[in-house]
Amino acid sequence: MKVALFDIDGTILVAHGAGRRAMERALLAAVGTTGPGGQHYAGKTDPQIAREAMRHAGLTDTEIDARMATVLADYLGHLEAELAARSDEPPALLPGIVALLDACEAHDGVVLGLLTGNLVVGAERKLRAVGVDPGRFEVGAFGSDHEDRPALAAIARERAAAYLERPVPGEACVVIGDTPADVACGLAIGARTIAVATGTFSAVALRDAGAHLVFDHLADTAAAMDAILRG
């Protein structure tokens, strides 16, 4: 049995900056700044992004902890609005994703899951915005589970074990993502890592991060399924 754990942004879909705009609106209201210029969001959890921005504003971690729930709640409210606002550039599925998710869901030897830095509610809203039912994913770990991205793979594995009612070794997990952080997250539990260069990182950068396999895209369903099932 394989547990296929998909990242969302840059792997399943592109939201064309909706998440960034929503987070910046929440941060601006809370601390008067959107964070450091050029702050990277890819591969990070939502709470990590918020904390980095609030530290940049000069807040201590104690002060950040006191404001975090409000910032994240505001972010989720803005996210819903941002996802619906851009009729010229709406959120979109990436090539091959529908067929690949269908193939994983139909395969008796695959448990379909999510492994993402998005808050669980944010993940659901992004998926619904591109017509994907969040309920089809049987297990998952999210930024709302832990602020530290590398910790999420172990959480996903534990939930897979509870779902299957048997231990799930790291090598039974397959992490599919578009950033070096996704690769590192999978490697932390000994998972097979499949990287896809449909986000902000090149195939070379993903190979250098240690991904077991790198695809330019996931449009070849047979090749992607073979990568998930092998090993």
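Only heavy atoms go into these numbers, but all of them, side chains included; no hydrogens, no water, no symmetry mates.
In plain terms, the two heavy atoms of G143 and P47 that are nearest each other are O-CG, 3.5 Å. In plain terms, the two heavy atoms of S144 and V120 that are nearest each other are OG-N, 3.0 Å. Listed here is the closest heavy atom pair of I176 and A4: CD1-CB, 4.1 Å. For the pair G43 and A181, the tightest heavy-atom approach, listed with the atom from each and the gap, is O-CB, 3.3 Å. Nearest approach of M68 to A50, heavy atoms of both residues: SD-CB, 3.9 Å. Scanning both residues, A154 and I189, for their nearest heavy atoms gives N-CG2, 3.7 Å.
In the hydrophobic cluster analysis, where Ile, Leu, Val, Met, Phe, Trp and Tyr join through side-chain heavy atoms closer than 4.5 angstrom, V168 is grouped apart from L187. V111 and L100 are not part of a single hydrophobic cluster, where members link through side-chain heavy atoms under 4.5 Å apart. There is no path of hydrophobic side-chain contacts, each under 4.5 Å, that joins V110 to L115. Grouping the Ile, Leu, Val, Met, Phe, Trp and Tyr side chains by contacts below 4.5 angstrom, directly or via other members, places M225 with I97. Note on L28: it does not cluster hydrophobically with L59, by side-chain heavy-atom contacts below 4.5 Å among ILVMFWY residues.
Salt bridge absent: K44 and D148 never bring a charged side-chain N and a carboxylate O closer than 4.0 Å. Using a 4.0 Å cut-off between charged nitrogen and carboxylate oxygen, R149 and D7 count as a salt-bridge pair. Look at R25 and D74 and you find no salt bridge, because none of the NZ, NE, NH1 or NH2 atoms lies under 4.0 Å from a carboxylate O. Contact check on E24 versus R20 returns a salt bridge, with a Lys/Arg side-chain nitrogen under 4.0 Å from an Asp/Glu carboxylate oxygen. With salt bridges taken as basic N to acidic carboxylate O contacts below 4.0 Å, one links E147 and R51.
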- Start with the C-alpha distance between L127 and F137, add both sets of side-chain angles, then the distance that settles side chain to side chain contact (heavy atoms under 4.5 Å, CB included), and finish with yes or no. CA-CA 11 Å; L127 290 169; F137 297 93; 3.9 Å; yes

- So L13 and I8, side chain to side chain contact (heavy atoms under 4.5 Å, CB included) or not? Walk me through it. CA-CA 6 Å; L13 59 85; I8 293 179; 3.7 Å; yes

- Between I194 and I228, is a side chain to side chain contact (heavy atoms under 4.5 Å, CB included) present by the stated rule, with each step listed? CA-CA 8 Å; I194 299 172; I228 290 169; 3.9 Å; yes

- Task: Report the C-alpha separation of V204 and D208 in whole Å, then their side-chain angles, then the decisive distance to 0.1 Å, and conclude whether the side chain to side chain contact (heavy atoms under 4.5 Å, CB included) test is met.
- Result: CA-CA 6 Å; V204 172; D208 289 346; 3.7 Å; yes

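Put simply, the side chain of I49 reaches to within 4.5 Å of the side chain of Q39, judged on heavy atoms. The closest side-chain heavy-atom distance from M54 to E63 is not below 4.5 Å. Contact annotation: the side chain of K126 never approaches that of I12 to less than 4.5 Å [non-hydrogen atoms, C-beta and beyond]. In this structure the side chain of L5 never reaches within 4.5 angstrom of the side chain of R157, judged on heavy atoms. A heavy-atom distance below 4.5 Å is found between the side chains of D178 and D182. Taking the side chain as every heavy atom from C-beta outward, D9 and N118 approach each other to under 4.5 Å. Looking at heavy atoms from C-beta onward, L76 lies out of side-chain contact with E124 at the 4.5 angstrom threshold. By the 4.5 Å heavy-atom criterion applied to side chains, P134 and R128 are counted as neighbours.
No donor-acceptor distance shorter than 3.5 angstrom exists from the side chain of T198 to the backbone of H217, with no hydrogens or angles considered. Judged by distance alone, with hydrogens and angles left aside, the side-chain atoms of H40 form no donor-acceptor pair with the main-chain N or O of A42 at under 3.5 Å. A distance-only check finds a donor-acceptor pair linking the side chain of R21 to the backbone of H16 [under 3.5 Å]. Judged by distance alone, the side chain of R125 and the main-chain N or O of E80 form no donor-acceptor pair under 3.5 Å. Between the side chain of R67 and the backbone N or O of A30 there is at least one donor-acceptor pair closer than 3.5 Å.
In this structure, CD in E52 is found 9.5 Å from OH in Y41, a value given to the nearest 0.5 Å. In this structure, CG on L112 lies 15.5 Å from NZ on K2, to the nearest 0.5 angstrom. To the nearest 0.5 Å, the span separating CG on L152 from CZ on F142 amounts to 9.5 Å.
Partner L218 forms a side-chain contact (heavy atoms from CB on, under 4.5 Å) with one of L101, L94, V196 and no other, that one being V196.
The number of heavy-atom neighbours closer than 6.0 Å to CG of D65, taken from other residues, nucleotides and ligands shown, is above 12.
Hydrophobic cluster membership for L206: F201, V214 (Ile, Leu, Val, Met, Phe, Trp, Tyr linked by side-chain heavy atoms under 4.5 Å, directly or transitively).
Side chains of T193 and H212: a donor-acceptor N/O pair is present below 3.5 angstrom, by distance only.
Applying the side-chain hydrogen bond (donor to acceptor under 3.5 Å, both in side chains) test to every pair with at least one member in residues 129-142, sequence neighbours left out, gives these pairs: D102-R136, E105-R136, E138-Y163.
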